[in-house]
Amino acid sequence: MSKVVTFGEVLMRLSPSDSKMLRQSREMEFFFGGTEMNVGASLAIMGCETRHITNVSDCFIGESAIATMKSYGIDTQFVNRTEHPIGLYFLEVGSAMRASRISYNRLNGSFANIKPEQVDWEKALEGAEYFHWTGISPGISEGAYETLKQGLQLANSKGIEITADPAYRSNLWKYGKEGFTVLKELISYSTIFIGGVNEINEILGTSFGYDKDSFIQAAETLMKEIPSIKKVFDKTRIGVTASNQATQGRALVNGQYFETESLEVNPVVDRIGTGDAFAAGLIYGLINFDDEKALKFANAACAIKHTILGDVNLSSANDILEVMNGNSGGRIKR
């Protein structure tokens with residue numbers, strides 16, 4: 001299988017169990033996650049060789065984070081241990097009409113303090129065929145932005161496929177850089193765009209609508225403005241309630257539009273990491289299938305992640321293929 005390199009923060013998630021509100025609970029479950037690491041973990045579980053680049057705390061919590069990554073099959077030789085604490089986020093899981101709520105504590109953490117000189121990109125990218133990044137990382141700190149930029153420039157020069165999930169978060173970008181400008185710059189090193197009309201409008205300052213024709217126009221405009229992008233893949237969501245969601249994928253590749261069927265998930269177990277599951281499914285699909293089947297696989301991966309507690313999609317490639325092929329009845333396997 002192909003080698004995939006991911007770069008981004010590893011966070012500890014703290015959450016009351018059983019969909020309780022924080023004020024109701026005296027104990028919390030924890031998971032290690034982080035959007036790019038989630039992608040790498042899912043790919044490793046599906047059989048890809050993956051390597052994650054990040055900083056974690058030099059304490060037993062950082063040790064546990066590294067052990068968790070290793071348990072998924074991720075290569076952690078480029079995980080640095082520093083004196084800064086690992087980032088945290090707190091999650092209240094919603095139910096029915098009550099939305100989930102998240103609060104982050106990350107802007108002074110170990111990853112926020114990463115510096116370009118801490119990563120040997122030449123060695124880290126050795127043998128890589130895909131490099132995945134998201135817009136969350138450059139929004140956390142200038143050091144994270146400069147480190148990522150250095151890696152993207154080298155990956156681009158080596159002809160590595162670079163998947164960009166812009167994932168703009170307005171609550172980040174506190175260090176003086178303009179998010180839209182930075183994301184447009186970094187996307188110019190990338191080859192595959194994982195995002196839709198919202199992201200394109202934010203990056204280009206456009207105002208495209210959300211129907212099929214508008215998506216096509218938006219994707220065409222993006223590829224004209226940023227010629228390095230050759231393929232655009234988008235995940236759309238229909239949220240009836242916090243407990244009832246449906247996902248669908250659509251794409252524009254070589255002027256051809258295609259979309260998947262909608263997959264409904266009811267009840268939802270955990271929405272966290274579903275976009276990461278889509279990205280991992282897409283990368284796996286691009287490695288193994290044609291573009292249209294890759295999109296279907298990504299949508300199935302996204303849907304099945306809604307049924308799994310925690311940040312990471314623990315499903316095998318065969319589990320996802322079954323859902324993609326219509327086996328969604330949930331019958332017991334014996």
Side-chain angles (χ1 to χ4, degrees), residues 13-25 28-29 31 33 35 38-39 41-42 45 89-104 134 165 167-169 194-199 209-212 214-215 233-251 258-282 285 294-316 318-333:
R13 160 180 156 183
L14 297 164
S15 185
S17 61
D18 302 321
S19 297
K20 291 177 183 175
M21 299 177 71
L22 186 61
R23 68 181 64 180
Q24 294 176 286
S25 183
M28 289 193 282
E29 299 175 309
F31 303 89
T35 184
N38 296 342
V39 172
S42 179
I45 290 165
Y89 78 97
F90 299 85
L91 168 69
E92 282 186 347
V93 177
S95 181
M97 73 289 296
R98 178 170 62 84
S100 296
R101 300 194 296 182
I102 292 177
S103 178
Y104 291 98
T134 81
D165 176 356
Y168 177 74
R169 298 289 186 270
I194 306 175
V197 173
N198 272 337
E199 291 77 18
Y210 298 94
D211 57 81
K212 171 186 170 181
S214 296
F215 168 75
F233 295 92
D234 180 27
K235 170 186 66 66
T236 62
R237 175 187 298 279
I238 301 168
V240 180
T241 68
S243 308
N244 186 350
Q245 302 280 310
T247 68
Q248 186 174 22
R250 57 184 180 177
F258 45 90
E259 64 182 32
T260 72
E261 65 178 343
S262 177
L263 294 176
E264 183 179 1
V265 186
N266 185 18
V268 171
V269 173
D270 197 333
R271 265 189 61 177
I272 301 298
T274 54
D276 309 329
F278 180 89
L282 180 65
L295 181 66
K296 291 179 180 177
F297 188 87
N299 191 49
C302 176
I304 201 171
K305 170 59 189 74
H306 286 76
T307 71
I308 297 170
L309 183 65
D311 289 45
V312 173
N313 185 7
L314 303 175
S315 304
S316 69
N318 284 337
D319 291 336
I320 297 167
L321 282 168
E322 285 195 12
V323 173
M324 185 188 82
N325 292 327
N327 184 7
S328 56
R331 295 187 65 179
I332 296 174
K333 295 180 180 180

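The figures that follow rest on heavy atoms only: side chains count, while hydrogens, waters and symmetry mates do not.
Taken to the nearest 0.5 Å, the OG1 atom of Thr134 stands 7.5 Å off from the CZ atom of Arg169. Atom CZ of Arg13 is separated from atom CD1 of Ile272 by 6.0 Å, given to the nearest 0.5 angstrom. Taking CG from Asp319 and CG from Leu314, the interatomic distance works out to 10.0 Å, rounded to the nearest 0.5 Å. Taken from CZ in Phe90 to CG in Leu14, the straight-line distance is 5.0 Å, to the nearest 0.5 Å. A distance of 10.0 Å separates CG of Leu263 from NE2 of His306, quoted to the nearest 0.5 Å.
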Worksheet entry | Leu295 and Phe278: CA distance, side-chain angles, deciding distance, side-chain contact (heavy atoms from CB on, under 4.5 Å) verdict | CA-CA 9 Å; Leu295 181 66; Phe278 180 89; 3.9 Å; yes

Worksheet item: What's the verdict on side-chain hydrogen bond (donor to acceptor under 3.5 Å, both in side chains) for Thr241 and Asn244, showing C-alpha distance, side-chain angles and the deciding distance?
Response: CA-CA 5 Å; Thr241 68; Asn244 186 350; 5.4 Å; no

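Contact record, Gly33 with Asn38: CA-OD1, 3.4 Å, taken as the closest heavy-atom pair. Between Lys235 and Cys302, the shortest heavy-atom distance links the atoms CD-SG, 3.4 Å. Among all heavy-atom pairs drawn from Asn266 and Ser243, the shortest one is OD1-O, 3.2 Å. Between Gly285 and Ala294, the shortest heavy-atom contact is C-CB, 3.4 Å. The heavy-atom pair separating Ala303 from Thr247 by the smallest distance is CB-OG1, 4.0 Å.
When side chains are defined from C-beta on, Gln245 does not count as touching Thr274, because their heavy atoms never get closer than 4.5 Å. You'll find the side chain of Ile45 stays beyond 4.5 Å of the side chain of Asn313, heavy atoms only. By the 4.5 Å heavy-atom criterion applied to side chains, Tyr168 and Asn198 are not counted as neighbours. Residues Asp270 and Phe31 are not in side-chain contact: their nearest non-hydrogen atoms beyond the backbone lie 4.5 Å or more apart. Counting heavy atoms from C-beta on, the side chains of Met28 and Ser15 never come closer than 4.5 Å. In this structure, the side chains of Ser19 and Arg98 come closer than 4.5 Å at one or more pairs of heavy atoms.
Counted within 6.0 Å of NZ on Lys296, heavy atoms from surrounding residues, nucleotides or ligands total 12 or fewer; the atom is thus considered open.
In this structure, the side chain of Glu92 engages the main chain of Leu22 through a donor-acceptor pair within 3.5 Å. Under the 3.5 Å distance criterion, the side-chain polar atoms of Glu264 are left unmatched by any main-chain donor or acceptor of Ala246. Although no hydrogens or angles enter the test, the distance criterion places a donor-acceptor pair under 3.5 Å between the side chain of Thr307 and the main chain of Ile304. A donor-acceptor pair under 3.5 Å links the side-chain atoms of Asn299 to the main chain of Gln248, judged by distance alone. Ser100 places no side-chain N or O within donor-acceptor distance of the main-chain N or O of Val93, the cut-off being under 3.5 Å.
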